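A short write-up of the structure that comes next.
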Amino acid sequence: MEFTRRKFLALTAAAAGVSLLPVEIGELAAAVSESEHQWPGPGVETWVNSVCQLCPGGCGIRVRVLDGWPVKVRGNPDHPVNQGGLCPKGASGLQALYDPDRIRRPMKRAGGRGENKWAEISWDEAIGLVAEKLGPLRESGHPEGLVVIGGQYRGLMRNLWDRFLAAYGSPNYVATTLGCVASDSVLHLTQGIAGHIGYDIDRTNYVLSFGVSLLEASWSPVWQMRAQAELRQGRPGRRGKITQVDTRFSATAAKADTWVPIRSGTDGALALGIAHVIIKDGLYDEAFVREHAYGFEDWTDRSGRSQEGFREMVMRDYPPAVVESLTGVPKLTVARIAREFASARPAIAMADRGAARYSNGVYTQWAVQCLNALVGSVDRPGGTLFPSGVPFTPFEALPRNEIAERGRGRPRLDGVDSRDAPLAASSAIQHLPQAILSGEPYPAEAVFLYQTNPCFSLPREVRMEEALRKVPLVVSFSPFIDESTRAADLVLPDHTYLERWQDDPTPRNVGFPVLGVRRPVRSPLYDTRATSDVLFALSEALGDPVRKALPWKDTESFLKERIRGVHEAGRGMMAAAVESPWYESFRKAEGTALPATFDEFWDALLERGAWWDPEYRFEDWGRTLKTPSGKFEFCSDTVRAALTDSPRRPSASAVPASAENTSATDGERKFQGFQPPVTMEEGTEYPLVLNVFRPTVFYGGRTANMPYLLEIAGKNRQVGWES
């Protein structure tokens, strides 16, 4: 059968837009089928609930299936995140499933690195090849040589990687989520908790956004747009205001009340200038600062020495005139924004996924988060949010193992535990390539790539592609050939998200715990495997102690064991104590009783597509302020120790660490204050700054090959088919 790309696009367009005729379904089925069997028709229709994974939004979806063939994706009206809405990416999901360029079975490199020549192999052979490398590496006492580079995803899959690496003996899980790392680090430093900062947008009165693409590539596009609609017109008599600080006239800036142009990488200085005006005019929340903040006034460190507080530093160094010279923002504008922001409470300031993407992102995010503390918006309605986690069944403790403990004790290759990245809470991917190239502090012997394409998403000067060529074994789990997979030795292709089991817990900005379950809407089209199942098989091949750490036979049984804890917690939707008009109406309409057993709970969870606990406890300081002082720390011993006590690694990274302030009196590096962004080139030969942004259709990086999205033109995108 002649099947062209044009025909494929026409058929998948029909699949996503309208119902297909049986003959069209037959053509599409034949196109993606190994045997090119003909469609028997007429079909039996079913609808399957699942969760989208084309961005971090976590939207619930309903997939229309005819005789086992998915033909349409729409939003799940019962899912709390999107409530039936869906963005263009979600509507394009069938193009990931039916993509004719998918990798159909495991492959081994048959040519040189990067030549894109492959030989198909069996799964037994593929897993055996990986085990043949990892087994002797661990037995030789160097398990730290294994590195896992992970992309943007949530849930128990990350726990599996962590458990696998812990049992094997490597400290090297490195994330490529650059926009989140600064926010996570600042949350840990100022509040002592792990996770992400969320924002109660729909209940605030004022949003001060430092480059965050609220109407483009934000955390959860459908949720964000619903929240902004509520902010703008959902409350009679109250219309929230949005001020967008941005280097470009973005779609968000166009829809904001005020656009404030700014010089690239200087957002932290503007935030400190705004703080200066708020403090000078006495507009800050004195009660919050007095009762729940530390380091605002001068403070004494653990050695008994007096240290400068936030107030003194800001009032001395960041008057509006100085901030104007640094940022290009007029001093009158600085003062006006400060007074608007402080007077409109509740108000929130945000920088992650915006200005926090520069090399000084941690410093910028810290300055912006201090604004939230100044106006008392931390863990309060209309302010920042820190939802509690989903109550999964906890893992059993790993048994002690000398090889694993020794490997986990080695320094990380991305320098998180060193002076190269002293403030990083989780990962510093920009330092990894140089460590691999230098072989310091030890060589990388194997690299796994999971849901990430660092050769595409990192600047070429970081030298990731060159670094991968030096690693003896590179394994990619991508279902498509991409820039990084092309550099691999083995490809163990994952299912697409429409073919696998996976949990999807609380997305960013959703202020309460949510558990969505991604389940197969059909059997796999090709000889692919869920990466979680590959990990279970690899653990079996490696033997104890890794086998004991991951004893599950498949992903479904693993998920059931972990999710059993949600049922046993007895709270949230599908619990007897919950008071929810939505749930009561659902039970009455469906004639459904509360699930008494876990099997009933599991069936109800799959039927509805999600569990969630709608209650959020604000001002729960014991949960949201876990610093040594028990308060929000503008500055503290924790930060000071990280900056002064961490050892410098012997080999410097190709990408310099964030700029530092150095005190002339004690020589200690200071966290407080504006830090200019680091550039790759010095002097006047390169006077321009590349302004990188992502439109909605490419958010997440994993959909740059989807035909629908390549066809969407926008304000900043005039030519189709150019990713």
Side-chain angles (χ1 to χ4, degrees), residues 149 174-189 210-213 245-248 262-272 326-328 350-370 412-435 437 454 456-464 467 639 642-643 646 648-649 651-662 669-694:
I149 305 177
V174 184
T176 57
T177 52
L178 292 173
C180 301
V181 170
S183 173
D184 297 352
S185 296
V186 168
L187 180 59
H188 172 70
L189 294 168
F210 290 84
V212 180
S213 303
V245 180
D246 212 327
T247 55
R248 67 186 183 97
I262 190 171
R263 290 179 187 144
S264 297
T266 64
D267 302 75
L270 176 59
L272 294 172
L326 292 170
T327 66
M350 58 182 72
D352 42 346
R353 295 202 173 281
R357 287 185 177 272
Y358 292 95
S359 63
N360 60 355
V362 173
Y363 296 88
T364 297
Q365 181 68 41
W366 165 79
V368 172
Q369 184 68 349
C370 286
R412 287 175 48 144
L413 285 177
D414 61 351
V416 163
D417 48 9
S418 76
R419 292 283 295 276
D420 282 347
L423 299 176
S426 54
S427 296
I429 183 68
Q430 67 271 24
H431 297 299
L432 178 63
Q434 181 60 24
L437 290 169
F456 172 82
S457 57
L458 294 178
R460 182 169 296 175
E461 286 78 4
V462 178
R463 303 168 70 190
M464 177 58 79
V639 173
L643 289 171
S646 300
R648 172 75 68 181
R649 294 194 307 182
S651 60
S653 172
V655 180
S658 297
E660 304 157 1
N661 281 343
T662 302
R669 302 197 296 171
K670 301 294 184 182
F671 183 52
Q672 303 100 301
F674 166 66
Q675 311 294 334
V678 174
T679 58
M680 298 298 296
E681 300 287 347
E682 301 294 337
T684 59
E685 185 178 356
Y686 299 98
L688 304 180
V689 176
L690 178 63
N691 207 345
V692 180
F693 64 94
R694 282 177 174 168

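Computed from a prediction, not measured in an experiment: that's the story for all the values here.
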Close side-chain approach of Leu272 to Trp366, heavy-atom, < 4.5 Å:
yes
Closest non-hydrogen contact found for Asn360 with Gln675 is ND2-O, 2.6 Å
Sequence neighbours excluded, the answer for side chain to side chain contact (heavy atoms under 4.5 Å, CB included) partners of Ala271 is Phe210, Ala367, Val368, Leu371
Looking only at heavy atoms, the pair that brings Ser264 and Pro677 closest together is O-CG, 4.3 Å
When every non-hydrogen atom of Ser183 is compared with those of Asp352, the smallest separation belongs to OG-OD2, 3.3 Å
Smallest heavy-atom separation, Pro454 atom then Thr176 atom, equals CB-CG2, 4.4 Å
Are Leu413 and Val174 packed together at the side-chain level, in the sense that at least one heavy-atom pair is separated by less than 4.5 angstrom?
no
Check: Below 4.5 Å, heavy atoms only, C-beta onward: do Val362 and Val186 meet side chain to side chain?
Finding: yes
When rounded to the nearest 0.5 Å, the distance separating CG of Leu458 from CZ of Arg463 is 13.5 Å
Closest heavy-atom pair, Thr364 versus Ala355, reported as atoms and distance to 0.1 Å, is CG2-CB, 3.9 Å
Taken to the nearest 0.5 Å, the spacing of Leu326 CG from Asp267 CG works out to 12.0 Å
query: Does the side chain of Ile149 come within less than 4.5 Å of Leu432's, by heavy atoms?
result: yes
Would you call Ile262 and Thr247 a side-chain contact if the rule is heavy atoms closer than 4.5 Å?
yes
Smallest heavy-atom separation, Gln365 atom then Ala182 atom, equals CG-O, 3.9 Å
